[in-house]
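Below, each value reflects all heavy atoms present in this structure, side chains not excepted, and no hydrogens, waters or symmetry copies. Because the structure is a prediction, the values reported are computed rather than measured.
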Amino acid sequence: MASIARKTAVLLPIFVFLAALPLLAAYLDNPYLLSLFSRILIFAIAAVSLDLLLGYGGLVSLGHAAFVGVGAYTVGILFHHTTIGEPLLGIFAGSENALITLPLAVLAAAGFALVIGAMCLRTSGMHFIMITLAFAQMLYYTAIGLEQYGGDDGLPLYARNTFPGLDTNNDLSFYYLCLVSLLLILFLAHRMVHSRFGLIIRGASHNPDRIQTLGVNPYTHRLVCFVIAGAGAGLAGALLANQSTYISPGLFHWTLSGELMVMVLLGGLGTLFGPVLGAAAFLLLEEVLAMYTEHWMFYLGPVLVVVVIFARKGLYGLLIGSGKNHD
Amino acid sequence: MTDHILEVRNLRKSFGALLASNNLSFSVRRGDVHALIGPNGAGKTTLVNQISGFIRPDSGSILFEKTDIVAMPAHRRAAMGLGRSFQITSIFDHLTVAENLTLAILAHSGHTFRFWRHCLRIPLVQQTLPSTLERVDLDHRANLPARHLSHGEKKQLEVGMALAGNPKLLILDEPMAGMGPGGTVEMSKLIRKLKTTMTILLVEHDMAAVFALADRITVLVYGTAIANGTPDEIRTDPEVRSAYLGEEG
Amino acid sequence: MLLVIEQVLNGLQLGITLFLMSAGLTLVFGIMRVINLAHGSFYMIGAYVGATVTSASGSFLLGILAALGAAGLAGILVECIVLRHLYDREHLTQVLATFGLILFFNELTRMIWGRQPLFMDVPPWLAGSIEILPGLTYPSYRIAVIAVGMLVALLLWFLLARTRLGMRIRAGASNREMIAALGVNIKILYTLVFGLGTLLAGLAGVMAGPILAVESGMGESILILTFVVIVIGGIGSIRGAVIGALLVGMVDTLGRAFLPALFRLFLPGAHADGAAASLAAISIYMLMAAILLWRPRGLFPA
């Protein structure tokens with residue numbers, strides 16, 4: 001088992017780096033770094049939430065982008081209604097206050113996850129993979145059909161949501177908002193994974209029948225896990241809409257689901273911090289490769305094949321040493 | 001009158017043409033190690049599954065603590081104090097030894113949607129886990145993922161999981177299967193230790209172990225109990241010798 | 001009424017394309033237990049190679065042959081190099097590795113053919129229309145697609161039901177341990193089944209070429225429809241693939257054709273079209289959800 005000292009030695013410098021990144025960006029006079037790392041933090045939130053399903057729950061969902069999209073569209077739609085001055089459904093004036101929009105985005109994503117999860121979790125294995133994918137695509141096409149919110153082209157937001165006491169349109173404040181959100185999600189996920197609920201989810205992932213003989217119904221536990229993961233993705237989506245001040249159907253697209261999966265596996269399946277490393281590695285790699293060739297996916301594809309077939313532990317496992325335990 | 005914790009009466013179960021339990025009756029006295037032996041195909045595992053609630057008999061009754069449990073689902077029987085280990089190891093490979101036992105300890109104690117408190121810091125777990133670990137001699141392995149245990153240790157863990165619900169009657173389904181001589185000795189020691197606090201129904205192929213451990217033995221052939229008695233009585237029973245011990249040598 | 005028949009024929013044509021895609025994929029799922037996301041890539045390869053060879057040689061038949069060869073060969077190569085390592089792995093590994101293959105193939109086509117879509121002409125001898133009923137003309141090319149699809153379905157049925165290879169494939173789909181125990185060379189059987197599946201996908205791709213734009217990423221939209229077909233039909237079931245493909249083809253086509261008119265009865269024009277378009281786009285997913293609630297393992301669980 002990885003020792004606490006080893007973990008601290010690896011994780012502490014990373015957190016210090018993340019906390020001090022704005023200084024580096026200022027020193028290098030490179031504001032792009034801030035926006036790049038904001039994106040990394042946001043994708044890390046989505047990847048951590050997906051890992052609850054993939055790594056801890058053993059549920060291979062290929063539709064996680066759906067909940068990112070729902071979160072982003074909640075923010076976008078609420079914002080849009082305040083700008084055009086026409087209430088949503090004739091009653092709700094919309095909102096541009098992050099203290100309202102973010103919780104609503106999380107709730108909306110959780111609601112969608114509840115309905116979709118209730119249907120998908122009736123199946124398992126290959127069926128589950130295909131069905132989560134299909135439902136995500138269904139939302140993708142629905143978003144394309146939302147003509148009043150930009151349809152195929154998506155919808156630009158002319159400003160970020162406001163946050164009391166914080167100038168969110170300043171990239172520096174927004175970066176820290178993302179960092180705090182990620183830390184919060186990591187802390188919540190840590191508590192959950194080691195709770196009694198988390199124990200059952202982990203137990204059911206490899207041996208659902210045995211869990212049943214202990215008098216526990218895996219379906220309801222998995223559904224709750226699916227909803228929690230969906231809510232996390234919803235938060236990521238809401239932040240992403242704010243970060244880019246833009247929403248588009250692409251946020252629902254299954255390639256985003258696939259990329260989130262890649263981040264989880266690259267970073268370390270069934271570890272909490274692994275997906276954060278995976279998100280950073282994936283986005284930075286994309287950034288670097290794109291500098292050299294526009295056909296970077298041509299190289300990334302085969303690399304991915306080799307990595308998933310031969311390297312099992314992920315970056316976190318490499319750094320911490322034995323990635324044997326689920327922690 | 002003898003105090004019987006388990007009484008099986010006129011049990012019948014057929015799978016198509018195969019009669020797995022044929023008018024089968026026997027009783028287990030409280031506090032005994034009661035062994036169930038018989039050649040392969042005698043219907044031992046089917047019987048255990050009927051007692052623990054995974055298979056429903058066609059007819060007959062099973063009395064546990066004087067209550068007929070035939071119609072009860074498995075998890076209710078477990079809650080009444082009927083624990084069992086499985087023939088094929090069914091522990092959670094990727095969880096640690098402590099987490100495996102915690103799952104079992106918490107299984108029958110109220111609702112499971114607790115998201116916050118670390119599972120190993122729940123009071124009930126803190127009270128029960130150390131003694132459970134100690135009872136199955138795995139205290140030094142508590143934080144090891146179960147897949148890294150030896151075969152014998154996995155069996156011990158499995159017994160530990162069955163113990164965690166504090167059963168009154170513990171059914172051990174071939175606990176010695178696949179073990180080397182060392183493991184068999186360890187498991188025998190464990191069973192002797194457990195015997196002081198509970199009744200044990202032992203299904204086992206290892207005859208030396210059975211005759212050394214059991215207070216009473218029931219011999220099953222073709223789904224029927226052909227003999228009941230102490231090890232000495234069974235050893236000298238002519239019917240048993242011809243039907244069973246003769247074949248095994 | 002004539003409009004309805006025309007749309008039913010369109011639905012049939014989409015259904016047949018979907019059947020060609022799902023027949024191979026459902027066998028791969030059923031026999032190898034591999035979830036293969038890259039099946040759409042072979043559809044794309046078929047379309048690109050078919051379009052290129054057709055325009056270079058001027059012969060559509062040559063284009064089809066080249067497309068079949070390219071898709072089948074690419075399939076066999078992929079099976080030998082990548083898929084083989086995935087057979088006994090977790091689904092997650094299979095999903096990610098085949099996702100990597102999609103990235104590779106999509107980018108490869110962009111590198112070879114550029115980012116602009118190719119447009120493939122209908123061959124001159126199929127360019128006209130046929131009057132199939134008084135007052136109803138229908139493009140000859142689409143009729144040819146339907147006919148070819150039906151012919152292939154018949155051939156496939158013959159292969160699976162009447163030949164020794166087919167018997168082994170069916171046995172493998174229902175019990176793969178058994179087929180190994182019978183001493184069949186699993187490696188070669190797997191390669192053949194996979195190659196057969198990609199060949200059919202290539203055929204679907206080249207036939208769709210003159211109807212759709214040939215572009216990078218075209219495989220994924222059809223792949224997801226194919227998944228819906230397989231989920232509805234049941235993994236590993238050819239019969240399920242037939243029924244599922246026809247259902248999905250019909251519901252999708254008829255929904256797109258008639259929902260707007262239906263909605264305009266109740267809603268003002270612009271809103272009606274938007275709502276109808278959305279509903280039509282998601283109708284097959286609702287169909288899938290309904291069937292799942294009723295039968296979680298599909299209509300014909302293997």
Backbone of [Y] reached by a side-chain donor or acceptor of [X] within 3.5 Å:
{"X": "C:Arg295", "Y": "C:Ile232", "answer": "no"}
{"X": "C:Thr26", "Y": "C:Ser22", "answer": "no"}
{"X": "C:Thr17", "Y": "C:Ala204", "answer": "no"}
{"X": "A:Thr123", "Y": "A:Cys120", "answer": "yes"}

Under 4.5 Å heavy-atom distance to chain A, tell me which part of [X] shows up: side chain, backbone, both or neither.
{"X": "C:Met288", "answer": "side chain"}
{"X": "C:Leu86", "answer": "side chain"}
{"X": "C:Leu225", "answer": "neither"}
{"X": "C:Arg110", "answer": "both"}
{"X": "C:Ile284", "answer": "neither"}
{"X": "C:Gln94", "answer": "neither"}

Pair C:Tyr48 and C:Trp113, ring centroids less than 6.0 Å apart: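 Between C:Tyr48 and C:Trp113, the centre distance is under 6.0 Å.
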A:Phe252/A:Tyr73 aromatic ring centres below 6.0 Å: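 Yes.
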Would you mind checking which part of [X] comes under 4.5 Å of any heavy atom in chain C, side chain (CB onward), backbone (N, CA, C, O), both or neither?
{"X": "A:Ile144", "value": "neither"}
{"X": "A:Val308", "value": "both"}
{"X": "A:Ile309", "value": "both"}
{"X": "A:Thr142", "value": "both"}
{"X": "A:Met126", "value": "both"}

Partner chain C: residue of A:Val264, A:Leu300, A:Leu265, A:Ile131 with the largest heavy-atom pair count (under 4.5 Å):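 Going by pairs under 4.5 Å, I would pick A:Ile131.
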Leading residue by heavy atom contact count with chain C [cutoff under 4.5 Å; candidates A:Tyr299, A:Tyr140, A:Trp254, A:Trp296]: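 Heavy-atom pairs under 4.5 Å are most numerous for A:Trp254.
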Side-chain donor-acceptor contact under 3.5 Å, A:Thr255 with A:His253: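 On atom types as modelled, these side chains qualify, holding a pair under 3.5 Å.
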C:His39 and C:Thr98 side chains, donor-acceptor separation under 3.5 Å: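 No.
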Among [options], which residue forms the greatest number of heavy-atom pairs with chain A at distances under 4.5 Å?
{"options": "C:Glu90, C:Met111, C:Met286", "value": "C:Met111"}
{"options": "C:Asn106, C:Val228, C:Leu108", "value": "C:Leu108"}
{"options": "C:Leu103, C:Leu96, C:Thr93", "value": "C:Leu96"}

Side chains of A:Phe112 and A:Phe135 in contact at under 4.5 Å (non-hydrogen atoms):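 No. Closest side-chain heavy atoms not under 4.5 Å.
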Min side-chain heavy-atom separation C:Leu92-A:Met261 under 4.5 Å: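 Of all side-chain heavy-atom pairs linking A:Met261 with C:Leu92, at least one is under 4.5 Å.
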